[in-house]
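Predicted model only: the values in this text are computed from it and were never measured.
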Amino acid sequence: MPVLRNADHPASKAADVCTRYSVAVLGAWAAETATYPFDVTKTRLQIQSEVAATKHGYKLENHGMIQTAVKIAKQEGVFKLWSGLMPMFQRHAIYSGCRLIIYEQLREWMKDENGQVTLAKASVGGLAAGSLAQLIASPTDLVKVQMQAEGRRIQQGKPPRFNNCRQAYAILFRESGIKGFWRGAVPNVQRAALVNMGDLAAYDVSKQFLIREFGMAVLGTPADVLKTRLMNQPVGPDGRGTLYRGMMDCLQQSVKNEGVLSLYKGFLPLWMRLGPWALINWIAFENIMVAIGGHTF
């Protein structure tokens, strides 16, 4: 006769963690597929007027969000608005599952005697979960940025470097080795920490993430710009970036050459993407969990 296992049994807990991890990934994939063109447009806006890139023959451009998106669709094809989606899926297979599980574990530790978590503690938990998850997933973000920027390289007369994400991983490894996959990881982790401090904490405490949407974009955009530029820069024979020595150098050059507002390039598509992304992600997660009989976030 089979033995029924209760919710506190180690095997039941492990199964629950695996289920929640998988559903978190599915929710993120659904949200990413629907909103990804905003991310591609944001990346192109962040690099199109990068003064430091003129050293390598890139021409400066100054297009707005709509013009940039239309130009991509016209010159490269509509499907280029989803360029880099595969490494983004790979990122969420690591990042979205990890951040949820890490945050829920931290939340358990931070609960008071009434089983409640304050907004301040939830914010710290979101910051920690986002940082750790993004640190693990940073190589996939690097490949995504490279693929998103590839179309602009070709349009400016540069030879194509790769045709798919597998080739992109191989080229990056050949150029910089394993350590090179974490190029731009510091601002990337900072951005994820700030975004998750708002996302996970606000959703957990209020279940109304959209209230905090604008503030998240303001916090995260400068780090996102630095991350994009560090990840997109060419590398030399030593595997190091040729445009910037690191995050602070990138920050200084961007502000010096283009002004403080350069740190907010791509803000509009980033902001417009956050609300729909979170809405689709959390609705998908909650409804899948309800459908399979699991407990919601």
(request) List the steps and the verdict of side chain to side chain contact (heavy atoms under 4.5 Å, CB included) for T68 and Q48. (result) CA-CA 9 Å; T68 298; Q48 70 177 3; 3.7 Å; yes
(request) Identify the two heavy atoms, one from V225 and one from K265, that lie closest to each other, and give their separation to 0.1 Å. (result) CG2-O, 3.5 Å
(request) State the CG-CE distance between N164 and M147, to the nearest 0.5 angstrom. (result) 6.5 Å
(request) Report yes if some heavy atom in the side chain of T140 is under 4.5 Å from a heavy atom in the side chain of M88; otherwise report no. (result) no
(message) Nearest 0.5 angstrom please: E104 CD to W109 CH2, how far?
(response) 12.5 Å
(request) Of all the heavy-atom pairs spanning H92 and A28, show the shortest one and how long it is. (result) ND1-CB, 3.5 Å
(request) Report yes if the side chains of K158 and E150 come closer than 4.5 Å at any heavy-atom pair, otherwise no. (result) no
(request) Please round to the nearest 0.5 Å and tell me the distance separating atom OG of S83 and atom CZ of R152. (result) 14.0 Å
(message) Consider side chain to side chain donor-acceptor pair (under 3.5 Å). Of Q190, R99, R91, K227, which one does Q134 pass it with?
(response) R91
(message) Determine whether a donor-acceptor pair (N or O, by modelled atom type, separation under 3.5 Å) exists between the side chain of R183 and the backbone of Q233.
(response) yes
(message) Does any part of the side chain of P139, heavy atoms only, come nearer than 4.5 Å to the side chain of W182, both counted from C-beta?
(response) yes
(request) Check whether any side-chain N or O of S176 sits under 3.5 Å from a backbone N or O of F173 as a donor-acceptor pair, and report yes or no. (result) no
(message) Is it true that, when you exclude K111 itself, more than 12 heavy atoms of the residues, nucleotides or ligands shown sit nearer than 6.0 Å to its NZ?
(response) yes
(request) Please answer whether the main-chain N or O of L142 pairs with a side-chain N or O of Q146 as donor and acceptor at a distance below 3.5 Å. (result) no
(request) Identify, with sequence neighbours excluded, every residue that meets side-chain hydrogen bond (donor to acceptor under 3.5 Å, both in side chains) alongside S254. (result) R229
(message) Heavy-atom count check: over 12 atoms from other residues, nucleotides or ligands less than 6.0 Å from M289 CE?
(response) yes
(request) Might you point out which heavy atoms bring L230 and G184 nearest each other, and give the distance in Å? (result) CB-CA, 3.9 Å
(request) Tell me, yes or no, whether the heavy-atom count around R161 atom CZ, taken from other residues, nucleotides or ligands under 6.0 Å, exceeds 12. (result) yes
(message) Restricting to non-hydrogen atoms, name the atom on I47 and the atom on A149 that form the minimum distance, rounded to 0.1 Å.
(response) CD1-CB, 3.7 Å
(request) Give, for atom OH of Y36 and atom CG of L81, the distance between the pair rounded to the nearest 0.5 Å. (result) 10.5 Å
(request) Using the six-membered ring wherever Trp is involved, compare the ring planes of F79 and W82 and label them parallel, tilted or perpendicular (cut-offs 30° and 60°). (result) tilted
(request) Could you tell me which non-hydrogen atom of Y244 sits nearest to which non-hydrogen atom of D249, and how far apart they are? (result) CA-OD2, 3.3 Å
(message) Using the ring-ring contact (aromatic ring centres under 6.0 Å, His included) criterion, which residues pair with F89? Sequence neighbours excluded.
(response) W29
(message) So for atom CD1, which belongs to I66, do other residues, nucleotides or ligands contribute more than 12 heavy atoms lying within a distance under 6.0 Å?
(response) no
(request) Give, for atom OG of S22 and atom CD1 of I288, the distance between the pair rounded to the nearest 0.5 Å. (result) 10.0 Å
(message) So which atom in P269 and which in L45 form the shortest heavy-atom distance, rounded to 0.1 Å?
(response) CG-CD1, 3.7 Å
(message) Return the CD to OG1 distance between Q46 and T41, rounded to the nearest 0.5 Å.
(response) 11.0 Å
(request) Ignoring hydrogens and angles, tell me if any N or O in the side chain of Q253 forms a donor-acceptor pair with the backbone of L243 under 3.5 Å. (result) yes
(message) Could you check whether any side-chain heavy atom of R44 comes within less than 4.5 Å of a side-chain heavy atom of H63, counting everything from C-beta outward?
(response) no
(request) Please report the C-alpha distance between D112 and K121 in whole Å, then the side-chain angles of each, then the deciding distance to 0.1 Å, and finally whether the salt bridge (charged side-chain N to carboxylate O under 4.0 Å, His left out) criterion is met. (result) CA-CA 10 Å; D112 59 24; K121 287 182 177 180; over 6 Å; no
(request) Report the residue from F285, Y95, Y21 that forms a side chain to side chain contact (heavy atoms under 4.5 Å, CB included) with L100. (result) F285
(message) Any donor-acceptor pair under 3.5 Å linking the side-chain atoms of Q90 with those of Y169?
(response) yes
